Amino acid sequence: MILLNKLVIRGGKKPAPSTLIPAPCKPAKSAFSKGYFCLGLLLLTAFALQEFFHLNWPWLATLQTNDVYKQLSGFALVGFLAYQWRCSILRSRGLMQKAAKLLKRHKLIGALAPLFFYAHAQHLGYAYLQALSLIYFALFITGLCNVEITRIYKQAFRKTWITAHVGLATALLFLLGYHIFISYAYQ
């Protein structure tokens with residue numbers, strides 16, 4: 001291509017724009033070139049398969065019946081969610097540069113969400129626990145399928161996506177608060 005472009009340009013004269021042949025473009029990176037996307041998709045698939053086939057690890061099921069383990073894994077899950085909220089808090093304070101620096105880590109750690117959930121509970125649960133679990137995974141999926149992955153750069157999509165992501169995170173906080181209240185109220 002470049003050689004052909006040089007042949008078209010003779011005697012140092014600038015050719016007409018239509019005679020130049022463009023250099024080949026770089027192929028667009030796929031979503032699978034993003035490590036956090038692959039990790040998140042793998043963990044989500046693993047959780048979905050074990051949920052669909054009603055599989056569990058007996059040693060983890062035994063561990064999850066222990067009150068101390070339930071509380072510790074719950075605190076770890078709350079710590080994970082609090083860490084993930086840092087991006088939103090920084091953005092709401094107008095600290096966009098700090099939030100942008102944190103975003104790569106936010107995505108990578110967010111990809112571990114199914115693992116944190118699985119350590120606390122092996123199944124989705126029933127009633128409000130199922131709603132809590134489904135909102136948790138809907139939040140995870142919206143985070144996983146962000147603007148970088150979908151490549152939809154329209155401003156309307158960005159606003160809708162961030163509203164859905166932060167809205168689900170807020171709903172999760174309310175249900176999480178209710179879950180914590182119920183857990184300690186009925187012991």
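The model shown is predicted, which means the values in this text are computed figures rather than measured ones. What you see below is based on every heavy atom in this structure, not just the backbone, and it leaves out hydrogens, waters and symmetry mates. Quick note: residue numbers are just sequence positions, from 1.
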| said: Under the salt bridge (Lys or Arg N to Asp or Glu O under 4.0 Å) test against E148, which residue among R158, K104, K107 passes? | reply: K107
| task | Taking all heavy atoms of A111 and all of L43, pick out the closest pair and write down the distance. | result | O-CD1, 3.5 Å
| note | Separation between CG (L144) and NE2 (H165), nearest 0.5 Å, reads 10.0 Å
| query | Say you draw a straight line from CG of L102 to OG of S88; how long is it, rounded to the nearest 0.5 Å? | reply | 11.0 Å
| query | What distance separates L173 CG from L168 CG, expressed to the nearest 0.5 Å? | reply | 11.0 Å
| query | Does a side-chain heavy-atom distance below 4.5 Å link L124 with F47? | reply | yes
| query | Are the side chain of W161 and the backbone of T142 linked by a donor-acceptor contact shorter than 3.5 Å? | reply | yes
| request: Mind listing the closest non-hydrogen atom pair of P114 and L44 along with its distance? | output: CG-N, 3.9 Å
| Could you state the interatomic distance from NZ (K70) to OG (S183), rounded to the nearest 0.5 Å? | 7.5 Å
| request: Following the transitive rule for hydrophobic clusters with a side-chain heavy-atom cut-off under 4.5 Å over Ile, Leu, Val, Met, Phe, Trp and Tyr, establish whether L77 and L112 coincide in one cluster. | output: yes
| task | Would you mind reporting whether L132 and L172 have side-chain heavy atoms less than 4.5 Å apart? | result | yes
| field | Heavy-atom check, side chain of H123 versus side chain of Q50, under 4.5 Å | value | yes
| field | Gap between atom OG1 of T160 and atom CD of Q155 - 0.5 Å precision | value | 10.0 Å
| Could you go step by step and tell me if Y69 and T62 meet the side chain to side chain contact (heavy atoms under 4.5 Å, CB included) rule? | CA-CA 10 Å; Y69 177 83; T62 303; over 6 Å; no
| Is the backbone N or O of P58 less than 3.5 Å from a side-chain atom of N56, with the two atoms forming a donor-acceptor pair by type? | no
| task | Flag the pair F75 / I180 as yes when at least one side-chain heavy-atom distance between them is below 4.5 Å, and no otherwise. | result | no
| message | Donor-acceptor check, side chain of N66 to backbone of L63, threshold 3.5 angstrom: yes or no? | response | no
| request: Output all residues satisfying ring pair (Phe, Tyr, Trp, His ring centres under 6.0 Å) with Y136, sequence neighbours left out; order by chain, then residue number. | output: F117
| said: Considering only residues two or more places apart or on different chains, which pairs with a residue in residues 73-83 satisfy side chain to side chain donor-acceptor pair (under 3.5 Å)? | reply: S73-H120, Y83-R105
| message | Under 4.5 Å between side-chain heavy atoms, counting indirect links through other Ile/Leu/Val/Met/Phe/Trp/Tyr residues: same cluster for L134 and L176 or not? | response | yes
| request: State, yes or no, whether a side-chain contact exists between F157 and T150 at a heavy-atom distance under 4.5 Å. | output: yes
| task | Decide whether Y128 and L139 are clustered together by the hydrophobic rule: side chain heavy atoms of Ile, Leu, Val, Met, Phe, Trp, Tyr closer than 4.5 Å, transitively. | result | yes
| Same apolar cluster: L42 and L55, side chain cutoff 4.5 Å | no
| task | Measure the spacing between CG of L103 and CE of M96 and express it to the nearest 0.5 Å. | result | 11.5 Å
| request: Look at atom OH of Y153 and say whether more than 12 heavy atoms of other residues, nucleotides or ligands are closer to it than 6.0 Å. | output: yes
| task | Look at the aromatic rings of F137 and F140 and report parallel, tilted or perpendicular, splitting at 30° and 60°. | result | perpendicular
| message | Determine whether a donor-acceptor pair (N or O, by modelled atom type, separation under 3.5 Å) exists between the side chain of H106 and the backbone of Q84. | response | yes
| query | With no hydrogens and no angle check, is any side-chain donor or acceptor of Q64 less than 3.5 Å from a backbone partner on Y118? | reply | yes
| When hydrophobic residues are tied together by side-chain contacts of less than 4.5 Å, even through go-betweens, does L41 share a cluster with F52? | no
| message | Checking F116 now: which residues fulfil ring pair (Phe, Tyr, Trp, His ring centres under 6.0 Å) with it, not counting sequence neighbours? | response | F80
